[in-house]
Number of protein chains: 2
Amino acid sequence: MLSFTEENYLKALVELTVFEAESEEVGVNRLAHCLDVKPATVSDMVRKLKDKELVHYEKYGKISLTSEGRFKGMMVIRRHRLWETFLSSKLDFSWDEVHEIAEELEHVHSEKLINRLDEFLDFPEFDPHGDAIPNKLGEILLPSRKTLAEVEVGKSCRIIAVRDQVEVLQYMDRIELCINQEVTIAHREEFDGLTTITHGNQSSVVSPKLTENIFVVCSVCSKAKCTCDV
Amino acid sequence: MLSFTEENYLKALVELTVFEAESEEVGVNRLAHCLDVKPATVSDMVRKLKDKELVHYEKYGKISLTSEGRFKGMMVIRRHRLWETFLSSKLDFSWDEVHEIAEELEHVHSEKLINRLDEFLDFPEFDPHGDAIPNKLGEILLPSRKTLAEVEVGKSCRIIAVRDQVEVLQYMDRIELCINQEVTIAHREEFDGLTTITHGNQSSVVSPKLTENIFVVCSVCSKAKCTCDV
DNA sequence: TATAAAAGTTAGATTAGTCTAACAATTTTT
DNA sequence: AAAAATTGTTAGACTAATCTAACTTTTATA
Ligand SMILES: [Mn+2]
Ligand SMILES: [Mn+2]
Ligand SMILES: [Mn+2]
Ligand SMILES: [Mn+2]
């Protein structure tokens, strides 16, 4: 059985090498920063994960997941996102509250529990932040998506996901932006990226700090399967 | 924030000094046995819990809970029993499966979560094994109850709770005994305590190993409030 | 290509929780 | 009340996860 710590390393590795997907491998410093520990700590731990055949790694080299490591990490993310969905849809938590609680729930190991929960929730495809939920085989839909910061002036798009950070989520609530909403880029200031968007009957001026954390697809694509460029 | 380990010590102390209630205090050996660790380990840990003002304790003396320790321990039990109820009533787990999973879920700390869960379950009074669920103030109903082994021959009683142990629960399923069921003591062998009971249309011969783990009240009393002797 | 910068490793320390083995205090029995 | 049994404590060791500080390797740059 993996410890909390080991599970968190695998989860971070999936996020860095599968979701962010600049590359399938990652350095010690990057992983350390992501887990908020020192590189020395990661150096040690990665050796342990290698002994357990959860990562590929050679001294001074890059870290990547084995297929077992990837599966185990994906299961942590599956649990995290299913619990977030449960908290949101059954216990009426708001989307900015669920992450913190799911950080604990994701480490409850019972496989039967998570599959029953999945069924109880009617096999949801996405969590409250629009992130796809891996299935019990560890497979996940990775829709091609852009950030709102990348959409050209004049174009329209639909929000399909948001980075799961309390400040982002609360800010979006405040200006009444939400998932599935149609947004049009009315104007973008070259100087600082300040963007004027229209959504619903409103118009807001937002900074890249927000737009870089909002993921969109072009308006005409279906939420689940969009593969076009916005 | 308390660690898993500290929470398990407090939970065990509540079980020994509140529920079993031979006495409000307990020795190092007894607690060690209950937690499946060595007395040396408990000696150390109890000093730590004393520093945190969770227990009363003097070297070579007995251990007892402070009111803060009692409250914190009671909250662990509240979480345990609410999750067991959730697993049983919402996710269709059988009563012998829920304990193991609740041992992990009970350490998820969010107070808001547990109060929302309580509401979602419609404020249940008892868990699937008939044990009362402490309220958010740490108060709990401790109904006077006997074990089935103590009921006299010829008398009838109703099962209100069962010790939460997989083997006991599975055995009861097998002979079709369950909570709220009416049972009559038809005969008891002096020699070895083997007891013949009638329940429903059946009759079974059961040993003290079973009857000592089944809690009952007299038939006419209400489940929740019985204070009479069977 | 030599040097500087960045990235990564190692050694040694710390904390939590556990153990065994030896010892000490308390309680029970004779 | 002395001896025996039980109960509890301490010392020393171990593992997991972390840190800092010093050192080494790799990469980038002048
Ligand atoms: Mn999250
Ligand atoms: Mn999420
Ligand atoms: Mn239980
Ligand atoms: Mn129970």
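In what follows, every chain begins at residue 1, and chains take the letters A, B, ... in the order their sequences are listed. As the structure is a prediction and not an experimental result, all values here were calculated from the model.
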Peer 1: Quick check on contacts: within residues 11-20 of chain B, what sits under 4.0 Å from DNA chain C by heavy-atom distance?
Peer 2: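 Correct list: empty, so none.
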Peer 1: Would you call B:E68 and B:K52 a salt bridge, using N to O less than 4.0 angstrom?
Peer 2: no
Peer 1: Considering just the side-chain nitrogens and oxygens of B:Y9, establish if one lies under 4.0 Å of OP1 or OP2 belonging to C:dT18.
Peer 2: yes
Peer 1: Applying a 4.0 Å non-hydrogen cut-off, can you work out what A:F4 is touching in the nucleic acid: base, sugar-phosphate, or nothing?
Peer 2: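 The residue A:F4 makes no contact with any strand.
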Peer 1: What is the distance from NE2 of B:H33 to P of D:dT6, rounded to the nearest Å?
Peer 2: 15 Å
Peer 1: Can you tell me the distance, in whole Å, between the CG atom of A:N8 and the C1' atom of D:dT18?
Peer 2: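 Those two atoms, CG and C1', are 14 Å apart.
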Peer 1: Please give, in whole Å, the distance from D:dT25 C1' to A:E58 CD?
Peer 2: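 A:E58 atom CD is separated from D:dT25 atom C1' by 15 Å.
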Peer 1: Please, which pairs that meet ring pair (Phe, Tyr, Trp, His ring centres under 6.0 Å) have at least one residue in residues 58-83 of chain B, sequence neighbours excluded?
Peer 2: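 Applying ring pair (Phe, Tyr, Trp, His ring centres under 6.0 Å) to every pair that reaches into residues 58-83 of chain B, excluding sequence neighbours, yields A:W83-B:W83, B:H80-B:H99, B:W83-B:F86.
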Peer 1: Can you name the residues that form a salt bridge (charged side-chain N to carboxylate O under 4.0 Å, His left out) with B:R30, not counting sequence neighbours?
Peer 2: B:E22
Peer 1: Would you list the pairs meeting salt bridge (charged side-chain N to carboxylate O under 4.0 Å, His left out) in which at least one residue belongs to residues 89-100 of chain A, sequence neighbours left out?
Peer 2: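 Qualifying pairs: A:E97-B:K112.
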Peer 1: Select from A:V37 and B:R30 the residue whose nearest nucleotide in DNA chain D is closer to the 5' end of that strand.
Peer 2: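 Looking at DNA chain D, the more 5' nearest nucleotide goes with B:R30.
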Peer 1: Sequence neighbours left out, what passes ring-ring contact (aromatic ring centres under 6.0 Å, His included) with A:F4? Give chain and number order.
Peer 2: A:H107, B:F4
Peer 1: Quick check on D:dC23: is either OP1 or OP2 less than 4.0 Å from any side-chain nitrogen or oxygen of A:Y60?
Peer 2: no
Peer 1: Here's a test of your reading of the structure: between A:K38 and B:K59, which maps to the more 5' nucleotide of DNA chain D?
Peer 2: B:K59
Peer 1: What parts of residues 40-47 of chain B reach DNA chain C, counting only heavy atoms under 4.0 Å away?
Peer 2: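 Within residues 40-47 of chain B, the residues near DNA chain C are B:A40, B:T41, B:D44, B:M45.
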Peer 1: For the side chain of A:V28, starting at C-beta, report the closest nucleotide among D:dG8, D:dT18, C:dG8.
Peer 2: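 That would be C:dG8.
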Peer 1: So if I take every side-chain heavy atom of B:N29 and compare against D:dT7, D:dT24, C:dA25, which nucleotide ends up nearest?
Peer 2: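 Among the listed nucleotides, the one closest to the side chain of B:N29 is D:dT7.
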Peer 1: Hey, is A:E20 close enough to A:R163 for a salt bridge, meaning N to O under 4.0 Å?
Peer 2: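 Yes, A:E20 and A:R163 are salt-bridged.
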Peer 1: Rounded to the Å, how far apart are A:L49 CG and D:dT18 C1'?
Peer 2: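 Distance, rounded to whole Å: 15 Å.
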Peer 1: To the nearest Å, give me how far apart CE (A:M1) and C1' (D:dA16) are.
Peer 2: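 Atom CE in A:M1 sits about 17 Å away from atom C1' in D:dA16.
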Peer 1: I'd like to know if the side chain of B:R81 and the backbone of B:A132 have a donor-acceptor N/O pair within less than 3.5 Å.
Peer 2: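 Yes, B:R81 side chain to B:A132 backbone: donor-acceptor pair under 3.5 Å.
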Peer 1: Rounded to whole Å, how long is the line connecting atom NZ of B:K50 with atom C1' of D:dG8?
Peer 2: 15 Å
Peer 1: Is B:K11 salt-bridged to B:E106, going by a charged N under 4.0 Å from an acidic O?
Peer 2: yes
Peer 1: Treating A:T195 as the side-chain partner and A:G193 as the backbone partner, does any N or O pair qualify as donor plus acceptor under 3.5 Å?
Peer 2: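 Pair found, side chain donor or acceptor close to backbone of A:G193.
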